[in-house]
Amino acid sequence: MASYSRNERAVEHARKLIDARQYVLESQWGDVQPRAEQQNAFLASHSWDEYAAWHLGLTDGANDETKARYAFVYGDFRRVHRMGLIACHYRAAEWRHKEIELAAHDLLQYLDEKSA
């Protein structure tokens with residue numbers, strides 16, 4: 001099983017988006033989660049650093065500037081999705097990736113507090 005490190009830049013990016021009210025509180029994450037074609041389109045006009053900022057996890061041992069390096073996407077490349085954070089939290093908890101689980105949990109609490 002892969003291991004992951006917490007992507008601090010992504011956590012900061014998500015907090016900034018939440019502060020700017022760039023979030024979606026209700027969505028069908030399975031329908032809006034970026035697929036390969038959306039990821040490729042984003043990368044065609046953005047840097048790898050910008051791509052990385054949308055992923056709470058960094059795959060240990062994977063090369064930078066490859067999709068394999070970035071895991072646990074939480075938004076649609078425009079906004080944070082509450083259901084994206086819940087999906088990250090659930091998946092990280094399921095596979096015992098504690099750093100990612102806690103990052104997603106903290107962001108979810110932050111979003112809920114800001115949007116209340």
Side-chain angles (χ1 to χ4, degrees):
M1 175 183 346
S3 61
Y4 302 94
S5 300
R6 178 178 160 139
N7 183 355
E8 292 298 335
R9 185 163 185 269
V11 172
E12 291 174 25
H13 181 65
R15 283 180 156 275
K16 286 179 185 176
L17 289 168
I18 292 166
D19 288 341
R21 296 185 165 181
Q22 296 299 306
Y23 52 75
V24 177
L25 297 177
E26 294 183 25
S27 61
Q28 295 295 323
W29 184 240
D31 295 338
V32 298
Q33 179 180 3
R35 304 281 186 242
E37 59 195 34
Q38 287 93 11
Q39 293 172 27
N40 292 339
F42 185 84
L43 282 167
S45 59
H46 295 82
S47 70
W48 280 100
D49 284 341
E50 291 171 298
Y51 180 80
W54 288 96
H55 298 82
L56 295 179
L58 300 172
T59 308
D60 297 334
N63 292 328
D64 287 340
E65 300 190 1
T66 64
K67 287 185 188 178
R69 175 71 168 144
Y70 310 104
F72 297 95
V73 66
Y74 62 84
D76 61 8
F77 298 130
R78 289 188 10 225
R79 299 161 299 183
V80 175
H81 281 254
R82 186 172 187 276
M83 290 306 297
L85 291 172
I86 291 170
C88 288
H89 181 266
Y90 176 82
R91 199 170 109 225
E94 179 181 24
W95 294 102
R96 298 182 181 163
H97 302 301
K98 200 58 152 177
E99 286 184 42
I100 311 305
E101 175 190 349
L102 293 174
H105 176 268
D106 291 347
L107 285 168
L108 182 60
Q109 299 307 307
Y110 189 70
L111 173 60
D112 286 350
E113 178 182 302
K114 291 288 189 170
S115 66

- Test item: Tyr74 and Leu107 side chains (from C-beta on) under 4.5 Å apart, heavy atoms: no
- Message: Within this structure, what is the NZ-CZ distance for the pair Lys114 and Arg21, rounded to the nearest 0.5 Å?
- Response: 9.0 Å
- Separation between CD of Glu37 and CG of Asn40, rounded to the nearest 0.5 Å: 8.5 Å
- Query: For the residue pair Thr59 and Ala68, what are the closest heavy atoms and their distance?
  - Reply: OG1-O, 2.8 Å
- Going through the checks in order, is the side-chain contact (heavy atoms from CB on, under 4.5 Å) test met by Leu58 and Tyr4? CA-CA 5 Å; Leu58 300 172; Tyr4 302 94; over 6 Å; no
- Task: Assess whether atom CZ of Arg35 is packed by more than 12 heavy atoms of other residues, nucleotides or ligands within 6.0 Å.
- Result: yes
- Query: More than 12 non-hydrogen atoms from neighbouring residues, nucleotides or ligands closer than 6.0 Å to CH2 on Trp95, yes or no?
  - Reply: no
- Task: Please step through salt bridge (charged side-chain N to carboxylate O under 4.0 Å, His left out) for the pair Lys98 and Glu101, ending with a clear verdict.
- Result: CA-CA 5 Å; Lys98 200 58 152 177; Glu101 175 190 349; 3.3 Å; yes
- Message: With rounding to the nearest 0.5 angstrom, report the CG to CG distance, Asp76 to Asp31.
- Response: 12.5 Å
- Message: Could you check whether any side-chain heavy atom of Pro34 comes within less than 4.5 Å of a side-chain heavy atom of Phe42, counting everything from C-beta outward?
- Response: no
- What's the spacing between Tyr70 OH and Leu56 CG if we round to 0.5 Å? 14.0 Å
- Message: If I take atom CG from residue Leu111 and atom CD1 from residue Ile18, how far apart are they, to the nearest 0.5 angstrom?
- Response: 4.5 Å
- Message: I'd like to know whether CD of Glu26 has more than 12 heavy-atom contacts from other residues, nucleotides or ligands below 6.0 angstrom.
- Response: no
- Item | Shortest non-hydrogen contact between Ala71 and His55, atoms and distance | O-CB, 3.3 Å
- Minimum heavy-atom distance between Arg9 and Ala53, given as atom pair plus value: NH1-CB, 3.5 Å
- Taking Glu99 for its side chain and Arg6 for its backbone only, find out whether a donor-acceptor pair lies under 3.5 Å. yes
- Same cluster or not: are Val11 and Tyr23 linked, directly or through other Ile, Leu, Val, Met, Phe, Trp or Tyr residues, by side-chain heavy atoms under 4.5 angstrom apart? yes
- In Å and rounded to the nearest 0.5 Å, what is the CD to CE distance from Gln28 to Met83? 7.5 Å
- Anything under 30° is parallel, anything over 60° is perpendicular, the rest tilted; go ahead and classify His81 against Trp29. tilted
- Item | hydrophobic_cluster_shared for Phe72 and Val24, side chain cutoff 4.5 Å | no
- Evaluate the side-chain contact (heavy atoms from CB on, under 4.5 Å) criterion for residues Gln39 and Trp54: first the C-alpha distance (whole Å), next the side-chain angles of each, then the deciding distance (0.1 Å), finally the verdict. CA-CA 11 Å; Gln39 293 172 27; Trp54 288 96; over 6 Å; no
- Looking only at heavy atoms, what is the nearest atom pair of Tyr51 and Lys67, with distance? OH-CG, 3.7 Å
- Item | Derivation and outcome, side-chain contact (heavy atoms from CB on, under 4.5 Å), residues Tyr110 and Asp19 | CA-CA 9 Å; Tyr110 189 70; Asp19 288 341; 2.4 Å; yes
- Query: Is there a path from Leu102 to Leu108 through hydrophobic residues (I, L, V, M, F, W, Y) whose side chains come within less than 4.5 Å of each other?
  - Reply: no
- Message: Do the side chains of Glu94 and Arg91 get close enough for a salt bridge, i.e. N-O under 4.0 angstrom?
- Response: no
- What's the verdict on side-chain contact (heavy atoms from CB on, under 4.5 Å) for Leu17 and Arg79, showing C-alpha distance, side-chain angles and the deciding distance? CA-CA 7 Å; Leu17 289 168; Arg79 299 161 299 183; over 6 Å; no
- Nearest atoms (heavy-atom pairs only) where His105 meets His89: CB-CD2, 3.5 Å
- Message: For the backbone of Asp60 and the side chain of Ser3, can you confirm whether one donor and one acceptor N or O come within less than 3.5 Å of each other?
- Response: no
- Of all heavy-atom pairs between Leu25 and Ser115, which one has the smallest distance, and what is that distance? CD2-OG, 3.7 Å
- Task: Keeping the roles fixed (side chain from Glu50, backbone from Ser47), state whether a donor-acceptor pair exists under 3.5 Å.
- Result: yes
